[in-house]
Number of protein chains: 2
Amino acid sequence: MAARRGSAEESRTALLDAAQQIMLEDGYAAVTTRRIATEAGVNSALVYYYFDTMDDLFIELFRRGADRSLERLQEALRSPQPLWAFWELSQDQSRSALTMEFTALANHRHSIRAEIAESSRRFRKVELEALGDALERYGVDPHEWPATSVILMLSGISRFMLIEKAFGLDLGHADTVAIIERHIRALEGDRAR
Amino acid sequence: MAARRGSAEESRTALLDAAQQIMLEDGYAAVTTRRIATEAGVNSALVYYYFDTMDDLFIELFRRGADRSLERLQEALRSPQPLWAFWELSQDQSRSALTMEFTALANHRHSIRAEIAESSRRFRKVELEALGDALERYGVDPHEWPATSVILMLSGISRFMLIEKAFGLDLGHADTVAIIERHIRALEGDRAR
DNA sequence: GTCTATAGCTGGATAGAC
DNA sequence: GTCTATCCAGCTATAGAC
């Protein structure tokens with residue numbers, strides 16, 4: 001993890017990596033200049049050499065993660081079973097935990113709020129195009145089940161279960177997953193592996 | 001809002017009220033001894049007279065809100081249309097915003113985490129008893145639609161929409177509400193007012 | 001019960017040497 | 001590019017006067 005006296009962008013990357021790790025482990029409030037510097041193995045003053053302020057660091061960290069996730073999303077949606085792929089992705093803890101921290105952070109860092117809103121719109125647009133096409137192919141009535149609602153429901157349900165899991169709660173999770181997968185299976189058949 | 005030299009518990013209540021307001025406005029990280037004292041109109045040292053630590057203050061604030069919400073929930077579920085009542089309650093911003101802040105807070109205040117988990121179990125138990133009975137009366141097949149799943153889905157979807165709303169996003173919200181209310185209406189008829 | 005005062009710490013951010 | 005040193009602000013928590 002530590003990167004000492006490396007190439008140009010090594011420290012910058014190390015600082016972002018450290019910030020992300022701390023954010024996941026102890027929440028956004030634990031992300032301080034001194035702590036990310038220690039974790040990255042560099043001096044804390046370097047934070048201000050690479051990023052003007054902590055706000056800028058958070059924004060850049062968010063963008064880096066969002067860019068990666070958007071790529072993963074687009075790749076998943078190219079699957080011949082885009083509903084299965086989307087459902088599996090939305091159940092993946094790794095992205096979701098960070099998203100939730102940034103959501104909380106946005107509450108009192110207003111520069112972050114705009115960044116998240118814009119990013120969310122981009123994600124939703126990509127999801128909508130891919131899943132809207134798929135649902136149309138499957139003959140789903142768009143008046144009865146609009147693609148936006150299907151996306152919103154799957155996203156909300158999976159995120160809620162992820163939050164509950166973080167608190168050690170899982171009542172009804174298995175049943176709920178079974179119901180949703182029953183519906184997906186009716187449209188896309190068994191998940192191909 | 002300010003309470004000066006009042007009766008025994010007035011300052012204590014004022015401090016809790018101030019903490020809650022700040023938490024909602026600027027996030028949990030903005031809840032500091034100095035700020036809640038200023039907002040409550042008392043001296044910051046009083047925080048430690050009434051609460052041993054900030055952790056204790058947060059826990060007491062959470063319990064106070066949870067107790068009130070549980071009462072509201074129980075009252076709502078006594079409605080002749082418990083599904084409608086539950087759905088409307090879960091769409092209510094007022095409680096949800098605080099819950100989300102506490103959820104984020106739990107990430108790095110572990111005493112809070114246990115408190116939330118225990119509270120969630122209590123809520124779910126109450127919801128399950130009332131809505132499980134209702135769904136049975138409506139003739140809903142518990143194998144196809146277990147009450148736990150119905151609760152979890154409604155909760156997750158409404159919370160997701162509330163979060164999105166906070167970011168100025170509402171794509172697909174109206175459609176999704178319409179779908180859910182269509183299903184509730186099929187079981188409980190039109191919402192009586 | 002409420003206050004002043006302060007200890008002791010940690011934070012963001014900057015200046016300037018190397 | 002990386003460091004040391006430092007300023008200043010804000011924090012939790014405590015001691016003790018009233």
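Below, read A as the first sequence line, B as the second, and so on, with proteins coming before strands; counting in each chain starts at 1.
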Inset, instruction - Summarise protein proximity over nucleotides 12-18 of chain C in one line of letters, 5' to 3': B for base, S for sugar-phosphate only, - for none, counting protein heavy atoms closer than 4.0 Å. - result: BBB----
Legend entry - Rounded distance in Å - CD1 (B:I22) to C1' (D:dC11): 14 Å
Inset, instruction - Please state how far atom CG in B:L57 lies from atom P in D:dA13, giving the value in whole angstrom units. - result: 10 Å
Legend entry - Polar side chain donor-acceptor pair, B:S120 to B:R124, under 3.5 angstrom: no
Inset, instruction - Determine the minimum heavy-atom distance between B:E101 and B:Y28, stating which atoms define it. - result: OE1-N, 2.9 Å
Inset, instruction - Decide if atom NE2 of B:H110 counts as having more than 12 heavy atoms of other residues, nucleotides or ligands within a radius under 6.0 Å. - result: yes
Inset, instruction - Look at the side chain of B:L46 and decide which nucleotide, out of D:dT2, D:dC3, C:dC3, has an atom nearest to it. - result: C:dC3
Legend entry - Length of the line joining A:Y28:OH and C:dG11:C1', which is rounded to integer Å: 15 Å
Inset, instruction - Go through the side-chain N and O atoms of A:S94 and A:D92 and say whether any donor and acceptor fall under 3.5 Å apart. - result: yes
Legend entry - Spacing between B:I36 atom CD1 and D:dC11 atom P, to the nearest angstrom: 11 Å
Legend entry - Salt-bridge contact A:R121-A:E118 (side-chain N to carboxylate O under 4.0 Å): yes
Inset, instruction - Take atom OH of B:Y50 and atom P of D:dT14, then tell me their distance rounded to the nearest Å. - result: 18 Å
Inset, instruction - Could you state the atom-to-atom distance from CG of B:D26 to P of D:dG10 in whole Å? - result: 15 Å
Inset, instruction - Return yes if a side-chain donor-acceptor contact under 3.5 Å exists between A:W84 and A:E88, otherwise no. - result: no
